[in-house]
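First listed ligand is number 1; within each ligand, the first listed atom is number 1.
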Amino acid sequence: MTEKTLIKIEDILNGRKNGESIQVRGWIYRTRSSGNIVFTVLRDATGTVQATVKKGNLPDPEFKDAEKALLESSVEVKGTVKEDKRAPGGYEMQVTGFHVVHFAEPFPITKDQSPELLMDLRHLWIRSQRLSSILKIRSTVVGAIHQFFRSQGFLEFDAPVLQPNQCEGGSTLFEVKYYENKTFLSQSWQLYAEAAVFGLEKIYNMGPTFRAERSKTSRHLSEFWMAEMEAAWMELPDIVKIAKDEIRFILKEVLEHNVRDLVVLNCDKDKLRTIAESEFPTITYTKALEILKEKEHMDVEWGKDLRTVEEDNLMKHFTIPVVVTNYPLEIMAFYKPKDPKDPKTALCFDMLAPEGYGEIIGGSQRSLDIEDMKQRLLAMGEKVENYEWYFDLRRYGSVPHSGYGVGVERVVAWICGIDNIKDAIPFPRTILRFRP
Ligand code: 4AD
Ligand code: MG
């Protein structure tokens, strides 16, 4: 291959190469032959293009190889770009050279296969156009999160993945044998971040997070990526504002960089743009219950957490994300403080996405009251002495501080409009699956 004429398929689709003699490298996405002509569609990481191979336009052995090569064979193809209104994408390649790098065996994935088989063959399915588009959007989301925080002076800070304590309740901990001891996979970066804000003040991170979720739902993974932030001197309204700005920024970045992927996934770009330009409302938990009662005739007892069914019914009344604050203190994690203005509730928030995607963010101000936290940990059956290091953070120059965590896959699933969170991560781990 001469590097000079080697291009990416998107360069063809952009119309910049019309009439030129070029080469592409990729895989056979579709192929069918009829007499002296082979119609192939090639794909690379940037798109797909139709390539027409006519006997006589290329050396005979290469034509034979083109006839013989099965789906997913890897190829290097030479040809001339020609505008063709009938071709998907508006351009096609008229092939003058067809080199098969590797003749693929019959590909085990054909049309309309069951989701379970696609999961068993995830290592092959991951190259599909659908998953590629989702993963490209995921890459934009991840990049946007880094860009968002760094541009505002947040430092990236890493916490251990092996942790001796719970953060979000003992029932979803994954236990790991640790020499003669036991430890747990991280449920959250938060407790360590709280230590670090006394030196760094504004920090963020994105990392693998583990929860032994016992239920099979379309929203829960056992291993997911959480993007968290923590900041000294900030209170609940400060971080709610940052969370709203962050989600809008992520949407704008996806709209700027992933138009083609949104088309592949059949997403409504205009809807996403409207959301990116909207002010997201903030309501309290109590107000959410009122909406459920008035508009959905649902009686939720004050004090009960909002389950999926309640979140979904509430969100029927919104087309943009909504922040819900002041959940009942009783059902909240031990570090979420009482709201002095409404002591039955906590200074905390969730952000809920529209269209049934549920909670995409959870966060709170952090309690500074060691005694209260001890009582709440004891009530959960925790050994308070394991948290002495954490209480120390309230003993030496304690300051108000707050933070939140974004579920990266929840955000990706919502933006891409996919119905199961499993497709928002390359190799999902759930209660029933940890292979391949
Ligand atoms: O609401 P959560 O449990 O909050 C925390 O872990 C806090 N310690 C974060 C913080 O304040 N730094 O989790 C945060 C978000 C949820 O809103 C949800 O989007 C996502 O993480 N999440 C999950 N995503 C996929 N699968 C799961 N099992 C998830 N559990 C939580
Ligand atoms: Mg939560």
Note to self: Below 3.5 Å, N or O to N or O, backbone or side chain included: is there any such pair between Glu359 and ligand 1?
What the structure shows: yes
Item checked: Arg130/Asp423 under salt bridge (charged side-chain N to carboxylate O under 4.0 Å, His left out): CA gap, chis, key distance, verdict -> CA-CA 9 Å; Arg130 175 183 161 76; Asp423 275 347; 3.5 Å; yes
Note to self: Is it the case that over 12 heavy atoms from other parts of the model lie below 6.0 angstrom from the NZ atom of Lys8?
What the structure shows: yes
Next item on the list: From atom 19 (O) of ligand 1, work out which of Ile360, Asn205, Thr172 has a heavy atom at the shortest distance.
Entry: Ile360
Margin query: Taking the side chain as everything from C-beta on, heavy atoms only, tell me whether Thr48 gets closer than 4.5 Å to Gln129.
Written below: yes
Item checked: Side chains of Val176 and Phe184 in contact at under 4.5 Å (non-hydrogen atoms) -> no
Next item on the list: Let me see the working for Asp372 and Arg376 under salt bridge (charged side-chain N to carboxylate O under 4.0 Å, His left out), right down to the final yes or no.
Entry: CA-CA 6 Å; Asp372 180 64; Arg376 289 161 74 182; 3.1 Å; yes
Checklist line | Worked check of side chain to side chain contact (heavy atoms under 4.5 Å, CB included) between Thr282 and Thr325 | finding: CA-CA 7 Å; Thr282 300; Thr325 66; 3.7 Å; yes
Check: Does ligand 1 have any atom that is closer than 4.0 Å to a heavy atom of Met229?
Finding: no
Note to self: I'd like the name of whichever of Tyr204, Tyr357, Phe210, Phe224 reaches closest to atom 31 (C) of ligand 1 through any heavy atom.
What the structure shows: Phe224
Next item on the list: Check whether any side-chain heavy atom of Val323 lies under 4.5 Å from a side-chain heavy atom of Ile283, and answer yes or no.
Entry: no
Notebook entry, point to check: Tell me: protein heavy atom nearest atom 20 (C) of ligand 1, and distance?
Noted result: Gly407 CA, 3.6 Å
Notebook entry, point to check: Nearest protein heavy atom to atom 18 (C) of ligand 1, by residue and atom, and its distance?
Noted result: Arg410 NH1, 3.4 Å
Next item on the list: Indicate yes or no: at least one non-hydrogen side-chain atom of Tyr204 is less than 4.5 angstrom from one of Glu156.
Entry: yes
Item checked: Chi angles and distances behind the ring-ring contact (aromatic ring centres under 6.0 Å, His included) call for Phe107, Trp125 -> CA-CA 10 Å; Phe107 200 58; Trp125 183 232; 8.8 Å; no
Notebook entry, point to check: Just heavy atoms, cut-off under 4.0 Å: does Glu230 contact ligand 1 by side chain, backbone, both, or neither?
Noted result: neither
Note to self: So if I count the atoms of ligand 1 from 1 in the order they appear, which ones are less than 4.0 Å from some heavy atom of Gln190?
What the structure shows: 7 (C), 8 (N), 10 (C), 11 (O), 12 (N)
Item checked: Contacting atoms of ligand 1, where contact means under 4.0 angstrom from a heavy atom of Gly405 -> 9 (C), 10 (C), 11 (O), 12 (N), 14 (C), 15 (C)
Next item on the list: Could you list the atoms of ligand 1 found under 4.0 angstrom from a heavy atom of Gly403?
Entry: 11 (O)
Notebook entry, point to check: Are Phe427 and His123 close enough, and set up right, to give a ring-ring contact (aromatic ring centres under 6.0 Å, His included), and what steps lead you there?
Noted result: CA-CA 8 Å; Phe427 290 95; His123 53 294; 7.8 Å; no
Checklist line | Per-atom contacts, ligand 1 versus Arg219 - under 4.0 Å to a heavy atom | finding: 25 (C), 26 (N)
Notebook entry, point to check: N/O of Leu221 under 3.5 Å from N/O of ligand 1, yes or no?
Noted result: yes
Check: Which atoms of the protein, restricted to N, O or S, are nearer than 2.8 Å to the Mg ion (ligand 2)?
Finding: Glu359 OE2
Margin query: Ring-plane angle category for Tyr404 and Phe149, please: parallel below 30°, perpendicular beyond 60°, tilted otherwise.
Written below: tilted
Next item on the list: Could you tell me whether ligand 1 has any atom less than 4.0 Å away from a heavy atom of Arg366?
Entry: yes
Item checked: For atom 13 (O) of ligand 1, the option (of Glu168, Glu228, Arg211, His220) bearing the nearest heavy atom -> Arg211
Checklist line | Nitrogen or oxygen atoms of Val406 and ligand 1 under 3.5 Å apart | finding: no
Next item on the list: Carefully, step by step, assess Ile421 and Phe224 under the rule side chain to side chain contact (heavy atoms under 4.5 Å, CB included).
Entry: CA-CA 10 Å; Ile421 194 166; Phe224 63 100; over 6 Å; no
Checklist line | Proximity of Tyr335 to ligand 1 by residue part, where a heavy atom lies under 4.0 Å | finding: side chain
Next item on the list: Check whether any side-chain heavy atom of Val406 sits under 4.5 Å from a side-chain heavy atom of Val411, and report yes or no.
Entry: yes
